[in-house]
Amino acid sequence: MQALDREAHGPDMDLFAFHPNGTRAQAVASRVRAGLADSLAVSLRALGEERALAGEDLVARLRSGPIAPRVFGGYTELVEAIFADNIDTAHIIAEELCAADFGRVGPLRIVTLTERHLGRDQPARYRRLIDDDEQLALEIEALGPDEFAAASRRVEQAIGLLDAGAPDIAEELRALVHEIVLVDKDGDRYFGASSFQLWGALFLKLNATASRVEIAEQLAHECAHALLFGLGMGEPLVDNEPEELYPSPLRSDPRPMDGVVHATYVIARMHYTLARLVQSGLLTEEETHEARQRIARNALGYNEGAAVIDGDARWTEAGKAALSSAKAYMTSAAAH
């Protein structure tokens, strides 16, 4: 799928502007779904006219409105099966995709890795597709009922804070994310992940002591990844080779340049979100102190990432546009 162009949605909308915008987020989501609809239609035709006809309803729904992350996951596995010449498996996946109402989605929902929440066989799919690291699929687990209920309440409180204090971030979250998947993961205080192969799903493990400010920051973090995936249509934002590794401001291990670019942009969005919350006047004194500490930490992290990408990134058009807008915001924020 091709990267977004500025003209695709009219001269008055800058798709690469840094500041969140619900209308822009909906335009990005529409373009992503249109690309998936085109690719899915081609893939189904490769399996025969009957499959193509059976998939017309899903393709039409992709073009008309939001769709659940499991459609992206099913499409990914369908293409993998076709390219592996595993036609029997491809037909099984195609039948799943073409089932009536598969992938219909409502308002943003909070779920965990169970079939009751995601549907038959979906937890295994979500585990496999959330990251290239096969070990990760073995490490993330569903929350038990009591843990899930408590974590859900905390996430709802953080979303409520965004609705009131940073509504532009909240609007973008609802336009780009359809499932917040709460998980457990041994050994990590906090875990967050998102993937273009499950676009619209956001994975979180909450720190047991995380405040609503910290959780709101985490939501903004993963939503920013979803935006970047959409702006680049799932393609890297740089032309650097994946084998080229660099220091990253959010990881202790060296990362490919695309990961460093994502991290640097995401930090700027976290900075913006916290600044909006402080300005809102809705935080307690303790929360305001916490937010200001995080803002300062994000400014340092952004500078670390910017130093790496300014020196070594080989940009795609989408990547250059997105990071230029983030740089302009951080420059302005530092000046004030």
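Worth saying up front: this structure is predicted, and the values here are computed from it rather than measured.
Contact detail for V238 and D258: the closest heavy-atom pair is CG2-N, 3.6 Å. Across all their heavy atoms, A263 and S248 have their closest contact at CB-OG, 3.8 Å. Considering every non-hydrogen atom in both P69 and Y126, the closest pair reads CB-OH, 3.7 Å. Heavy-atom minimum distance, V28 versus L227: CG2-CD1, 4.3 Å. A pairwise comparison of heavy atoms in N298 and I267 identifies O-CG2, 3.0 Å as the closest pair. Closest non-hydrogen pair, T89 versus A81, comes out as CG2-CB, 4.1 Å.
Side-chain atoms of D57 do not come within 3.5 Å of backbone N or O of A100 as any donor-acceptor pair. Judged by distance alone, with hydrogens and angles left aside, the side-chain atoms of D184 form no donor-acceptor pair with the main-chain N or O of L143 at under 3.5 Å. In this structure, S39 contributes its side chain and L36 its backbone to no donor-acceptor pair below 3.5 Å. E115 contributes a side-chain N or O that, together with a main-chain N or O of D121, makes up a donor-acceptor pair within less than 3.5 Å. S30 places no side-chain N or O within 3.5 Å of a backbone atom of Q26 that could act as its donor or acceptor partner. Proximity of a side-chain donor or acceptor of S43 to a complementary backbone N or O of V79 within less than 3.5 Å is not detected. Within the 3.5 Å criterion, the main-chain N or O of V278 finds no donor-acceptor partner in the side chain of R292. When atom types are taken as modelled, the side chain of R51 and the backbone of C98 share no donor-acceptor pair closer than 3.5 angstrom. No donor-acceptor pair under 3.5 Å is formed between the side chain of H271 and the backbone N or O of A299. R174 contributes no side-chain N or O that, together with a main-chain N or O of L108, makes up a donor-acceptor pair within less than 3.5 Å.
Open room surrounds CG on D186; 12 or fewer heavy atoms of other groups in view lie less than 6.0 Å from it. In the displayed structure, E80 atom CD is contacted under 6.0 Å by more than 12 heavy atoms of other residues, nucleotides or ligands.
Distance check, rounded to the nearest 0.5 Å: CD of E217 to CD1 of I295 gives 9.0 Å.
Among residues two or more places apart in sequence or in another chain, the side chain to side chain contact (heavy atoms under 4.5 Å, CB included) test is passed with E214 by N207, A210, S211, Q218, E290, R294. Scanning for side chain to side chain contact (heavy atoms under 4.5 Å, CB included) contacts around S152 gives I110, F148, L182, with sequence neighbours left out.
The pair E141-R127 counts as a salt bridge, with a side-chain nitrogen and a carboxylate oxygen less than 4.0 angstrom apart. Using a cut-off of 4.0 Å between Lys/Arg side-chain N and Asp/Glu carboxylate O, R24 and D168 are scored as not salt-bridged. Checked for salt-bridge contact, E139 and K205 miss the test: no charged N lies under 4.0 Å from a carboxylate O.
Taking the six-membered ring where tryptophan is involved, the planes of Y329 and Y272 are perpendicular, since the angle between them exceeds 60° and thus also 30°.
Taking the side chain as every heavy atom from C-beta outward, Y246 and N240 approach each other to under 4.5 Å. Here the side chains of L118 and R70 are not in contact, with every heavy-atom distance at 4.5 Å or above.
With hydrophobic clusters built from ILVMFWY side chains whose heavy atoms lie under 4.5 angstrom apart, V32 does not share a cluster with V105.
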